[in-house]
Amino acid sequence: MKNNLLHILLGTLLLNVLGCASSEQKKDEKPAEETTDVMDKMEWWRDARFGMFVHWGPYAIPAGEHKGVKTDHIGEWIMNDLHIPIKEYEEYSKQFNPVDFNAEEWAALMKEAGMKYIVITTKHHDGFCLWDSKITDYDIMDFSPYKRDILEELAKACKKQGIALGFYHSIMDWHHPQAQAIWEPNYNKSRKDTLENPEFSQYYKNYLKPQVKELLTKYDGVKIIWFDGEWIPAYKTEMGKEMYQFISEINPEVIVNNRVDKGRQGMSGFNAEGVFAGDFGTPEQEIPDTGMPGTDWESCMTMNDTWGYKSFDHNWKSDTVLIQNLIDIVSKGGNFLLNVGPTAEGKIPAPSVERLKAMGKWMAKNSESIYGSSASPLAKPKWGRFTQKGDKIYAHVFNWPENGNLQIDKAIGDISKAYLLADKSSLELNTDASFLNVSLPETAPDGIATVVVLEKK
Ligand code: FHN
């Protein structure tokens with residue numbers, strides 16, 4: 001994040017106090033100068049702006065329905081929500097055989113959509129691992145009939161397409177006996193009645209950390225570790241700070257989200273007051289109204305209402321909403337991590353593919369206003385959003401003015417020329433007492449978002 005110098009200083013302080021280092025994120029801090037290597041690791045991520053989130057595991061088999069009961073919650077939570085005992089859920093894991101999975105197709109689709117990175121669930125809360133883990137047999141190689149390392153295939157395909165590789169990893173684990181909480185099926189009830197599994201620290205030390213190390217060392221080019229499930233009471237802030245430091249020692253270039261620690265404030269995803277580890281904030285299913293100046297952040301969002309595949313969730317967001325969400329997020333200085341939930345066979349659902357292709361079509365003409373762009377210098381106009389890069393300000397027009405006159409706040413400063421990004425056709429400019437006015441064509445060349453480039457003098 002941008003206020004990293006301060007973070008490094010605070011991190012060093014923490015190192016002394018806690019015996020561990022941490023790059024942390026604190027709300028409302030002012031950006032500091034960017035001068036160290038630790039900051040540089042964020043550069044590519046800030047330029048990228050758009051990535052794919054993938055939630056995939058055995059929960060794609062029930063696809064939201066178990067023994068005739070449909071869950072009204074998100075698909076990947078079915079084990080917990082419908083109280084499926086471990087042995088019964090394992091039957092799904094034993095059947096998980098995604099014969100149609102094609103890493104090259106996924107990577108090509110990401111590229112076509114204009115996405116620059118992927119974050120895939122290596123293990124979600126159900127505990128099933130999508131790679132050949134040496135630390136457990138509850139994985140795709142040893143437990144399922146598939147016998148192919150999904151992460152390895154994706155790592156290769158993404159490298160070929162220039163897509164950066166990121167791994168989601170759940171701290172909470174409903175399958176591991178030392179991690180389960182008291183409310184979960186199969187919890188050893190003879191233990192003390194507590195919300196915290198008394199053996200959690202062993203799981204942390206002997207399972208969670210070794211798995212993270214395995215993920216970071218087994219695959220080529222891992223750029224992001226994206227934690228989740230950090231809210232469980234047994235996971236402590238000291239563990240989060242130690243985990244952050246552990247990762248930095250293995251590879252200081254790896255970017256870690258703020259859910260490695262305990263600071264996340266609900267769905268807004270930013271850190272509460274205090275000193276917490278993590279390189280960026282993670283608003284979930286929402287876009288902060290005014291962004292978060294001086295802080296790196298990424299909104300993660302579903303295309304329908306579930307992360308993991310649910311056969312009966314058809315509540316898809318439109319192309320317009322998704323494209324405008326991407327622009328809105330970039331105009332506030334954030335990244336967009338857009339989710340797909342592949343089927344049990346390994347296919348990205350057709351409605352997701354259609355939407356990604358539509359986003360790709362828009363990006364093919366307009367990505368200059370997205371990649372490497374930063375937050376708008378001006379407040380949100382009624383007609384759309386601004387982004388900026390170098391001496392250019394990009395006006396994204398969502399609502400085409402009926403009189404063909406785009407009014408821009410004069411606070412924008414001196415503008416020498418204006419043109420449409422998609423075809424470079426130039427636009428007339430004039431200034432009156434209140435506004436800079438740009439004369440637009442009668443009808444919007446792009447009904448979702450037409451980009452007008454405004455070049456500063
Ligand atoms: O419980 C998870 C949920 O299943 C999903 O993975 C999302 C993605 O950010 N995170 C959690 C809730 O915060």
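Atoms within a ligand are numbered from 1 in the order they appear, just like the ligands themselves. Given the structure is predicted, the values throughout are model-derived calculations rather than measurements.
Within 4.0 Å of ligand 1, the residues that place a heavy atom are Phe53, His55, Ile74, Glu76, Trp77, His124, His125, Tyr168, Trp226, Asp228, Trp231, Arg259, Arg264, Glu284, Cys300, Trp307, listed by chain and number.
Take Ala358 and apply the side-chain contact (heavy atoms from CB on, under 4.5 Å) test, not counting sequence neighbours, and it matches Asp319. Taking the side-chain contact (heavy atoms from CB on, under 4.5 Å) definition, one finds that Ser311 meets it with Ala63, Tyr309, sequence neighbours left out.
Geometric assessment of Lys70 against the ring of Phe312 yields a positive cation-pi assignment under the 6.0 Å and 45° thresholds.
Note: Phe270 and Trp297 have perpendicular aromatic rings, judged against thresholds of 30 and 60 degrees for the angle between ring planes.
Residues Asn335 and Arg49 have side chains that bring a donor and an acceptor to within less than 3.5 angstrom of each other.
Under the ring pair (Phe, Tyr, Trp, His ring centres under 6.0 Å) criterion, the residue pairs touching residues 357-383 are Trp383-Phe386, with sequence neighbours excluded.
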